[in-house]
Every structure is written in C-alpha cells, then in structure tokens.
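Naming convention: chains lettered A, B, ... in sequence-line order (proteins, then strands); numbering from 1 in each chain.
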Number of protein chains: 2
Amino acid sequence: MTALCRVLAALFLLLSPLLSYGEILLVQKQAFEIADFTTQSGKTISPVRVGWEAYGTLNADKSNAILITHFFSGTSHAAGKYQPEDAVVGYWDAIIGPGKAIDTNKFYVISVDTLVNANVFDPNVITTGPATINPATGKPWGLSFPVVTIADFVEVQRQLLDSLGIQKLHAVIGASMGSFQAIEWAVRYPERVERLIPVIGSAYLDAWAAVRLERWAYPIKQDPAWRDGNYYEHGQPRQGLTTAVAYITQDALYPTAFNQRYPAPASAAAPHQDIRAPFSAWQQLMTQAAERSKLQDANHILYLVRASQLYRAGMGDNWQQALQQVKAKTLFLPASGDQLLLPTMSQHSAAAMPQAAQVQYAEIPGDYGHLDGVFNIQAVSAKIAAFLN
Amino acid sequence: MTALCRVLAALFLLLSPLLSYGEILLVQKQAFEIADFTTQSGKTISPVRVGWEAYGTLNADKSNAILITHFFSGTSHAAGKYQPEDAVVGYWDAIIGPGKAIDTNKFYVISVDTLVNANVFDPNVITTGPATINPATGKPWGLSFPVVTIADFVEVQRQLLDSLGIQKLHAVIGASMGSFQAIEWAVRYPERVERLIPVIGSAYLDAWAAVRLERWAYPIKQDPAWRDGNYYEHGQPRQGLTTAVAYITQDALYPTAFNQRYPAPASAAAPHQDIRAPFSAWQQLMTQAAERSKLQDANHILYLVRASQLYRAGMGDNWQQALQQVKAKTLFLPASGDQLLLPTMSQHSAAAMPQAAQVQYAEIPGDYGHLDGVFNIQAVSAKIAAFLN
C-alpha cells in the first residue's frame with residue numbers, strides 16, 4: 001500500500017506540470033471608460049469605452065505586466081475562456097497561461113479591445129466606433145466618427161494602464177495590426193517598454209499592403225446598402241461586408257492551407273455552361289464569411305482599414321528616424337509564408353532599429369501564411385519564453 | 001589604308017551579331033476565320049475570327065515552327081513592331097528575334113489572339129467574344145456567348161496550324177494563361193509537340209488562385225452599369241472594369257516592384273480627416289488602370305477569368321493522369337517571387353509529368369513577381385536557347 005502511494009505520488013509530481021497546461025484559464029471582460037478622448041487628428045470622442053481582460057496577477061511593484069495588442073479581426077480575448085463550456089479559447093491560448101511561454105504564473109498579462117473593433121456586436125467585445133451611439137445625438141456616430149489611428153489605439157491603452165498604476169511594461173507583444181500598436185508603444189513610450197515582440201508585423205505599411213487593404217474596403221463602399229455609412233436604421237450592407245470578410249480570409253491564408261479548406265473548381269457542369277454560375281470554393285468561402293461577419297460592423301472594417309493604412313512608426317514623416325527612440329529589446333517574428341505583411345517588412349523594420357533594441361529575428365513556419373502568427377504561434381513558444389526571461 | 005580596312009572589317013564582324021539585336025522586327029497582323037466553331041461544351045460560334053502574327057520563315061518541311069500562347073491581358077503581339085515608329089515592341093521581344101533565344105533566323109514563330117481576348121478594342125487585336133457582333137442577331141453576343149475554355153483556345157490555334165500545313169511544333173511556349181494553353185497542347189496533341197515551356201505556369205488552377213481571379217470579376221459584376229452583361233448600347237461598366245484591371249495589376253506584381261511604382265500612403269491630411277478620402281497610391285493605381293482598360297471589354301475579362309478558373313490539364317477529372325500523355329521535352333520556368341501562380345504550382349505540375357517529358361526546372365529571378373515571366377524573361381534566355389537547340 002505504502003509503495004503504491006509512493007508510486008502514485010511520484011506520478012502526480014511528474015504529471016502536475018502537464019495538468020497545469022490542461023487547466024482552464026477563466027477570464028472576465030472588464031470595461032474602461034475615458035470621458036473625453038482626443039484623437040491624433042484633434043477630434044473629441046465622448047466617451048470612449050473599451051473592454052479589457054487580464055490573466056495572472058499583478059505583483060506588488062507592478063513590474064510584471066505584459067500588454068498584448070490584437071490584430072485586425074481580433075479582440076482582447078487572447079487566452080482562456082469566459083465560461084468552462086465555451087467552445088473555443090482565446091486566440092493565443094497556446095502561449096498564454098500558467099507554465100506557457102507567456103507564463104501567467106509570473107506575468108500579469110493584459111489585453112484591450114481597440115477602438116472601432118470589428119466585432120462590435122460580439123457580447124464579449126466593448127468598443128467605441130461608428131456603430132456606437134453618440135450620446136450627443138442619440139444616434140450611431142456613423143461616418144461622423146473621427147478617423148482614428150494606431151496611435152489613438154495606443155493612447156487608450158496607455159490611459160488604462162495609467163489608471164491601473166502600471167508604469168513599466170515587461171513586454172508589449174502583438175500580431176499583425178497588433179504589431180503596429182506594439183511598435184508604436186515602444187516609440188512613444190521608450191522608458192515604459194522593456195521588451196517588444198512584433199509578430200507577423202511591420203513598423204510601416206507600404207503602398208502594396210495599403211492597396212490590399214483598400215480592396216477589403218471596396219466591396220463595402222460599392223454596396224448600395226452601405227448608404228455612405230448611414231445604414232444603421234436599415235441593417236448592415238451584408239453583401240459588401242461578407243465580401244470584405246471573404247477577402248480578408250483569403251489574404252491572411254497561404255494557398256496551402258486555403259486549398260485544404262476549399263476544394264478546387266470542380267468539373268461541375270454549371271460553371272462550364274453559364275458564365276454567371278459560381279464555383280464551389282467561392283460559394284463556400286462566401287458562406288463562411290457571411291457567418292463570421294454576423295457580429296461585425298461594416299463601417300468598423302473601413303475604420304480599421306484606414307488606421308492600418310496610415311500606420312508608420314511615430315506617425316510622422318520618417319518612420320526609420322522614429323524607430324531610433326526605441327529602447328526595448330526586440331524580437332521580430334514574421335511568418336515565412338506571409339503574403340500580406342511579408343517577412344521582408346519585418347526585416348526592413350529590424351534593420352532600422354537602434355543598437356539599444358538588440359534586435360532578434362526568427363520566422364514562424366507553417367502552411368497558414370500570415371495566420372501562422374496566430375494558428376502556429378506555438379512553433380516559436382520556446383523563443384518567446386527565452387526572450388521574456 | 002589596307003591595315004585600317006582590315007581593322008574595320010574585323011570590327012564589323014565583331015559587331016554584326018549586336019547589330020542584328022538592334023534590328024527592328026516588323027510584323028503584320030493577319031486574320032484567321034473558322035466558319036463554325038464547336039466549343040468544348042458543345043455550343044457553336046459562327047464565325048470565329050482571330051488575329052495572328054509570325055516572325056521568321058517557315059522552312060520547306062514545315063518543321064521549324066514555334067507556337068507562342070499569350071497570357072491573360074496579352075495579345076498575339078509577342079515581338080517586333082507593326083510600324084518602325086511604334087512606341088513599344090511585343091511583350092517577349094527580349095527573347096524573340098534574329099539571334100535571340102527564340103531565334104527567328106532559325107525558327108518560324110507564330111502567335112495567335114485567343115478567343116475572348118481582353119483587348120478587343122485594340123485595332124491590332126482580332127478576337128471573337130461577347131463584344132463581337134453575332135451575325136445571327138446583328139447585336140453583340142453579350143452573355144449569350146458560350147463559356148469557352150483553354151481547350152477551345154487550343155482548338156482554334158490547331159485549326160490555324162492545320163490550315164498552314166504545320167503538323168509538328170518544335171516547341172509551344174506560353175506565360176501564365178499561355179502556359180495553360182501550352183500544356184494543353186502537349187496533352188491533347190502529344191505527337192505534334194516536341195518541346196514545351198510553361199513560363200510562370202501550372203497544369204491546374206487551385207481553389208486559391210480561382211478565388212483570386214473571381215475577385216477580378218467581382219467589381220465588374222457589382223457595377224450597376226454592367227447590366228448583367230447587356231451594356232453595349234450604354235457603354236462599358238467603367239468603374240468595375242477599371243477596378244478589375246487595378247486588381248490584376250497588383251496581383252501580378254511583387255510588392256518590391258509595386259512599391260517602386262506607387263508611393264506609400266503619405267502624411268497627406270485628407271485620409272487622416274475623412275474616412276472617404278482616398279490615398280495617393282490607390283488613386284494612381286486606378287488612374288493607370290482606367291487608362292489601360294480603355295481598349296478592353298468587361299465581359300471579355302469575365303470570360304477569361306472563367307476559362308482560367310476551369311483549367312486543368314486534359315480538362316477532365318484527373319489532371320495528373322492527363323499529363324501522362326505528354327511526350328514533349330519540358331522546361332518549367334516559374335518566377336521566384338510569383339504570388340499569383342506560385343512556384344509550387346510549377347513544381348507540383350513538374351512532379352506529375354511522365355519520364356518522357358525529361359522535365360527541367362529553373363526559376364526566373366526579379367522584383368516583379370508574376371510579371372518577371374514577362375518583364376525579366378531575358379534572365380532565362382540562355383536556358384531557353386539551350387533548351388530549344
């Protein structure tokens with residue numbers, strides 16, 4: 001009996017780290033409000049409300065905070081579940097949690113919904129944008145909502161951290177549009193950011209990527225149901241919004257993963273007989289996009305496109321010069337197969353960083369292209385863990 | 001004097017091959033008509049008329065013909081000029097001509113406008129498609145024009161070659177959509193094709209690329225001025241057609257070349273102040289696309305998209321099996337930076353070729369991506385020359 005107990009105890013000790021991986025990290029959405037927020041372009045939004053969530057515990061001297069900044073179609077739900085029965089976990093659950101690369105036993109990990117978040121009708125998202133009721137008029141802001149920038153997203157986060165008394169960030173980590181915010185943090189607040197990890201990211205958006213993003217906006221603007229942004233009484237411009245989401249999906253996926261998900265145009269008779277007949281891959285893509293876009297707002301997509309298009313580190317005329325402000329130790333993690341923000345963009349950004357940034361660079365492998373920065377992030381979890389410790 | 005003459009003569013001999021490069025190859029457009037053409041789907045087009053041109057001289061036993069099949073936005077104008085004062089030469093003039101890789105001192109090089117050619121209003125293009133007057137009705141075919149396929153393009157070319165008494169082709173060479181035709185030639189007429197060079201090509205179109213192409217068609221179909229294809233009395237759906245051409249332009253260019261041509265979104269005030277304000281790169285792209293699309297027809301773009309989407313070698317259920325018919329010695333030449341028809345598509349196609357094809361493979365370097373197959377073809381001219389000889 002004693003021997004058996006000893007064996008069981010040893011087994012338990014051996015398995016306990018694994019058990020912690022299996023634990024469900026339960027998280028709660030919280031709201032942060034700014035009564036009057038002034039945008040980079042000098043306009044006022046009253047009020048700004050955004051959602052945020054945190055994993056782990058803030059230590060006594062508030063020195064263990066890591067900020068996660070989210071991507072274009074993302075939300076602040078970076079890890080864990082709201083309820084044990086939730087079907088899915090937060091998007092970077094593979095690397096955020098107890099014993100994981102971003103170890104919530106050590107770090108207080110915090111994540112904030114951006115302004116103009118795409119998923120405004122998701123009950124777990126709190127954001128302010130064109131779909132929000134403007135208290136001054138009692139109606140949705142629509143296109144009277146000011147153009148907002150990556151710098152505005154950062155300023156909202158900064159005010160939240162100030163309110164929590166967090167002065168230093170152990171790290172800022174973000175994927176894609178989240179990398180813009182992360183880099184902007186390190187440029188604007190070099191004394192507050194100790195480490196920086198731009199994942200599938202860049203310190204600037206080039207003409208090629210800006211045009212790619214404009215192609216997401218185009219079907220919305222061309223949809224008569226968009227009504228120049230004043231559709232809230234009539235319902236979303238469904239066709240345009242669905243098409244935008246379909247294009248975002250394709251642009252974020254390398255062909256290998258895309259082709260596994262969608263079949264090649266079949267030998268079906270219809271597309272051979274009628275030029276108007278759609279083919280199956282297109283239909284499936286659009287059907288899934290329609291489903292995914294149900295919690296999204298068309299104007300919010302337009303505002304996210306614009307915020308991304310206008311991004312350059314420092315938001316001035318010379319992003320390379322702006323990067324010279326950075327004091328954070330930096331790890332660039334592009335995805336090898338990325339066809340949206342190409343690894344060369346990370347390389348050019350890395351090349352412009354100052355000596356102080358001690359830049360490291362590694363590529364994320366995989367079949368997903370841009371989305372390897374989300375779906376295959378565990379491939380670089382050891383690199384992230386080593387960099388943070 | 002005699003010594004000077006000898007030096008001059010030696011210099012002349014030395015320079016004469018260079019002089020032949022500087023020669024202007026003057027070419028003439030010719031027309032070929034088929035009274036009743038039956039499409040792959042069993043419909044009849046009466047008549048089919050297409051343009052063609054040739055460079056070099058057909059030898060006595062008609063054994064020195066090389067067929068060039070053109071790409072999506074291309075025409076049969078592969079080399080030379082129509083008039084000495086023409087501003088530009090044919091698209092592959094760098095490799096077709098006297099003393100060049102495809103040496104017109106040795107070969108009779110022939111090129112044919114496809115059915116539904118995009119540039120139907122170019123006075124140097126002869127094609128049959130939706131914009132053509134259907135003699136049976138006295139009106140443009142519009143969408144009553146049957147869906148045509150890569151196999152139909154090949155059959156038109158085959159009937160032209162039959163009429164010229166050309167039974168064997170020394171080679172079939174084509175870029176992009178031209179590679180589909182070239183491969184289809186080698187599959188359907190293995191005894192007639194001795195050599196095959198698919199440039200930036202593939203033996204099949206996958207779901208990813210088919211959706212990419214559908215995105216070219218979409219702005220046309222969404223333009224109210226398209227009128228379900230019946231716009232000929234009212235004028236082209238300009239906005240949709242221009243947008244399609246802009247998208248084609250971007251998808252065919254690697255970001256490096258694109259960014260050299262179009263500036264990054266500037267710090268201009270307008271896009272920061274108004275979500276509807278366009279940025280300069282987009283405006284420039286659209287302005288140039290509007291110019292380029294002036295000689296094009298919107299319906300023809302839709303038909304070319306469909307023909308490309310439906311392509312698989314042999315046009316049946318199993319393109320890999322169809323490739324087993326090929327007897328031509330084959331050289332695949334994808335472009336390293338191609339983000340439209342990726343080098344992996346050439347690799348998969350090459351891997352499915354039979355032993356008899358003695359497949360060779362080399363990549364075209366450059367900054368243009370897909371269009372390196374056109375703009376940078378001289379980078380592989382030695383490979384092409386060696387392969388043909």
Select one option (side chain, backbone, both, neither) describing which atoms of B:Thr149 are under 4.5 Å from chain A's heavy atoms.
side chain
With a 4.5 angstrom heavy-atom cut-off, which part of B:Pro255 approaches chain A: side chain, backbone, both or neither?
both
A:Asp274 versus chain B, heavy atoms under 4.5 Å apart: side chain, backbone, both or neither?
backbone
To the nearest 0.5 Å, what is the distance between NE2 on B:His370 and CD on B:Gln250?
14.0 Å
So which residue, B:Thr344, B:Leu285, B:Thr243, ends up with the most heavy-atom pairs under 4.5 Å with chain A?
B:Thr243
Highest number of heavy-atom pairs under 4.5 Å with chain A: which of B:Glu214, B:Arg215, B:Arg306?
B:Arg215
Most heavy-atom pairs under 4.5 Å with chain A, out of B:Arg276, B:Arg261, B:Lys221, B:Gln284, belong to B:Arg276
Between A:Trp208, A:Tyr204, A:Tyr218, the one whose heavy-atom pairs under 4.5 Å with chain B are most numerous
A:Trp208
Answer with yes or no whether the side chains of A:Arg292 and A:Thr249 bring together a donor and an acceptor at under 3.5 Å.
yes
Identify which of B:Asp251, B:Val305, B:Asp223, B:Val211 forms the greatest number of heavy-atom pairs closer than 4.5 Å to chain A.
B:Val211
Euclidean distance, B:Thr132 OG1 relative to B:Ile45 CD1, rounded to 0.5 Å:
9.0 Å
B:Gln222, part contacting chain A, at a heavy-atom distance under 4.5 Å:
side chain
Describe, in one word, how the ring planes of B:Phe145 and B:Trp141 are oriented to each other, choosing from parallel (under 30°), tilted (30 to 60°) and perpendicular (over 60°).
perpendicular
Okay, B:Tyr303 and chain A: the region with an atom under 4.5 Å from a heavy atom over there is both
Do A:Asp372 and A:Tyr254 have a side chain donor and acceptor closer than 3.5 Å?
no
Going by the rule side-chain contact (heavy atoms from CB on, under 4.5 Å), which residues pair with A:Ala352 if we only count those two or more places apart in sequence or in a different chain?
A:Trp319, A:Gln320, A:Leu323
Can you say whether B:Thr256 sits under 4.5 Å from chain A via the side chain, the backbone, both, or neither, judging by heavy atoms?
neither
Using non-hydrogen atoms and a 4.5 Å limit, figure out which bit of A:Thr39 sits close to chain B: side chain, backbone, both or neither.
neither
For A:Tyr311, give me all partners under ring-ring contact (aromatic ring centres under 6.0 Å, His included), at least two apart in sequence or on another chain.
A:Phe180
Which bit of B:Ile275 comes within less than 4.5 Å of chain A, counting heavy atoms only: side chain, backbone, both or neither?
both
So what's closer than 4.5 Å to chain B heavy atoms on A:Tyr247: side chain, backbone, both or neither?
both
What orientation do B:Phe258 and B:Tyr262 show, parallel under 30°, tilted 30 to 60°, or perpendicular over 60°?
tilted
Can you confirm if the aromatic rings of B:Phe72 and B:Trp216 lie within a centre distance of less than 6.0 Å?
yes
Could you look at A:Leu253 and say if it's the side chain, the backbone, both or neither that has a heavy atom under 4.5 Å from chain B?
backbone
If I take atom CG from residue B:Leu371 and atom CD1 from residue B:Ile200, how far apart are they, to the nearest 0.5 angstrom?
6.5 Å
